[in-house]
There are 2 protein chains.
Amino acid sequence: MLDIVPEIDTSEALTERQKAVLDAALRLLVEEGDQLTMTAVARRASCSKETLYKWFGDRDGLLTATVQWQASKVRVAQVDGKGLDLVSLIASLERFASDWLKVISSDTSIALNRVAVSHAGSGKDNLGAVVLENGRFALAKRLKPLLEAGRQAGLLDFADAETAFRTFFGLVARDVQIRLLLGDRLELTDAAIGGDAARATQQFLALFKSNNRPQGL
Amino acid sequence: MLDIVPEIDTSEALTERQKAVLDAALRLLVEEGDQLTMTAVARRASCSKETLYKWFGDRDGLLTATVQWQASKVRVAQVDGKGLDLVSLIASLERFASDWLKVISSDTSIALNRVAVSHAGSGKDNLGAVVLENGRFALAKRLKPLLEAGRQAGLLDFADAETAFRTFFGLVARDVQIRLLLGDRLELTDAAIGGDAARATQQFLALFKSNNRPQGL
DNA sequence: GCCGAACCGTAACGTACGGTACGGCTTGCC
DNA sequence: GGCAAGCCGTACCGTACGTTACGGTTCGGC
């Protein structure tokens with residue numbers, strides 16, 4: 001019913017060495033934030049700056065490649081809507097919620113979103129688009145089929161899958177991401193994440209379960 | 001029932017000239033993003049860099065003062081819980097939701113949040129704390145009394161005001177803020193904001209309206 | 001073994017920008 | 001008028017960092 005599915009590899013033709021360099025850049029980004037310098041990346045990756053410039057063009061190119069490299073590694077649960085019943089729907093929704101909370105509260109995601117937000121402020125918003133595409137929009141692409149399957153199975157009732165998804169998103173994420181991005185300490189234990197995922201799922205079902213749908217919505 | 005209430009002025013002893021300088025810095029921040037330079041601020045404000053440094057210490061001080069200056073200008077609806085009935089509760093919630101959506105989708109808020117997020121990544125998260133305190137936490141401080149009043153009046157049913165607030169927050173904001181911060185075009189007309197505010201309020205009530213059962217005082 | 005390509009390490013260059021110094025101008029006060 | 005304080009405009013300094021250049025080294029192909 002719910003399974004991790006490897007996706008088409010969007011990382012176009014990266015050598016192992018290049019991947020190692022991007023991993024180093026990524027670690028540096030997580031550790032030191034946006035002020036990672038070309039020199040630091042070169043030192044950490046044990047490569048020359050000349051190589052960095054040859055491979056990635058300039059600092060922006062390196063940053064973009066790094067973000068894409070990490071993004072290509074993010075995998076969210078994928079579901080198969082066959083034979084859906086309420087129990088498995090709930091389980092899948094909780095899994096989605098839990099996965100998403102884990103992602104957005106991870107150091108890597110925070111660092112990447114920070115640099116993308118900074119970047120969006122100044123000039124081309126390349127990074128922001130990449131992060132969105134591999135984060136929020138990827139999640140939507142995975143979740144919507146489940147919602148549609150739930151509707152087909154008569155378990156859910158909604159007019160628009162996009163709207164339903166956004167409500168689910170809001171119920172799950174609430175203020176977590178913005179608080180983390182703004183530096184608020186907000187430790188999310190696995191237990192807390194599990195509880196939040198269950199709560200969000202219940203609330204979502206209370207709003208969109210077909211037989212139980214509140215009148216006048 | 002719902003009114004704009006001026007708050008204690010947290011902007012400690014700023015001269016008119018200083019306010020004008022901060023306004024200039026703010027405009028520059030909105031227009032040009034985080035790469036606003038001391039030179040640019042001085043030119044825009046028609047003052048000397050020396051004055052900037054004397055007044056605000058250093059670049060961080062200027063940034064902090066600017067953020068606080070704008071924060072001191074943000075006013076969110078304040079409510080009076082007396083004589084609360086369902087109609088006025090709904091109106092107040094919608095007003096809160098609408099105000100909040102307008103705030104987070106404003107150019108100023110986006111610019112401020114961007115610079116605060118960038119800043120949180122590198123070093124002291126001063127700005128992040130200020131933005132949170134005057135944004136999300138200020139909203140909570142205003143909204144919770146209304147929720148409590150709703151509970152007292154037997155209209156709402158929840159265990160914890162904080163949890164109820166965060167759910168409301170999630171239903172209202174959903175993915176709007178992170179998408180805007182990441183540079184996603186997402187035009188929010190006044191009509192759309194009004195619709196979203198109404199939807200979020202309805203959903204919130206569906207989750208937290210007490211079951212016709214008069215709540216034991 | 002030889003050649004060229006790729007790459008490492010590092011030095012050097014150019015520039016942008018934070019921060020400082022200083023001369024001149026205005027303003028308020030005696 | 002004269003003085004002092006505050007401020008403007010600008011030139012200047014130091015440094016950090018992106019970017020380039022280059023000599024030395026490794027390595028695959030012949």
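So that the names make sense, note that chain A is the first sequence line, chain B the second, and so on, each numbered from 1. Note: hydrogens, waters and symmetry copies are ignored here, and every other heavy atom, side chains too, is used.
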From the list A:Val67, A:Val41, A:Thr66, side-chain contact (heavy atoms from CB on, under 4.5 Å) with A:Leu22 holds only for A:Thr66

- Message: What's A:Arg43 touching, base or sugar-phosphate or nothing? Going by heavy atoms closer than 4.0 Å.
- Response: nothing

(message) Taking the side chain as everything from C-beta on, heavy atoms only, tell me whether A:Leu127 gets closer than 4.5 Å to A:Leu112.
(response) no

Q. Are B:Phe204 and B:Leu147 side-chain neighbours, meaning at least one heavy-atom pair lies under 4.5 Å?
A. yes

Axis-to-axis angle for the helix from C:dG1-D:dC30 to C:dC30-D:dG1, ends of five pairs each, to 10°, equals 10°

Nearest heavy-atom contact between A:Asp190 and A:Lys102 is OD1-CE, 4.2 Å

Note: chain B reaches DNA chain C at heavy-atom distances under 4.0 Å over the stretch, first to last nt, 5' to 3', of C:dC17 to C:dC22

Which of A:Arg44, A:Gln18, A:Lys73, A:Gln70 passes side chain to side chain donor-acceptor pair (under 3.5 Å) with A:Asp23? Answer is A:Lys73

Checklist line | Residues B:Arg166, B:Asp160: salt bridge by 4.0 Å N-O rule | finding: no

For A:Ala206 and B:Leu207, the nearest pair of non-hydrogen atoms, with its separation, is CB-CD2, 3.7 Å

Nearest heavy-atom contact between A:Arg151 and A:Ala159 is NH1-O, 3.4 Å

Partner of B:Ser105 under side-chain contact (heavy atoms from CB on, under 4.5 Å), picked from B:Leu188, B:Ile110, B:Leu186, is B:Leu188

Between B:Leu146 and B:Ser92 the two heavy atoms that sit nearest each other are CD2-CB, 3.6 Å

Give every pair of a protein N or O atom and an N or O atom of nucleotides 18-21 of chain D that lie under 3.5 Å apart, one pair per line with the distance.
unit_1, atom_1, unit_2, atom_2, d
D:dG18, OP1, A:Arg59, NE, 2.9
D:dG18, OP2, A:Met38, N, 3.0
D:dT19, OP2, A:Tyr53, OH, 3.3
D:dT19, OP2, A:Arg59, N, 3.0
D:dT19, O4, A:Lys49, NZ, 2.3

Within less than 4.0 Å of OP1 or OP2 of D:dG9, is there a side-chain N or O belonging to B:Ser48? no

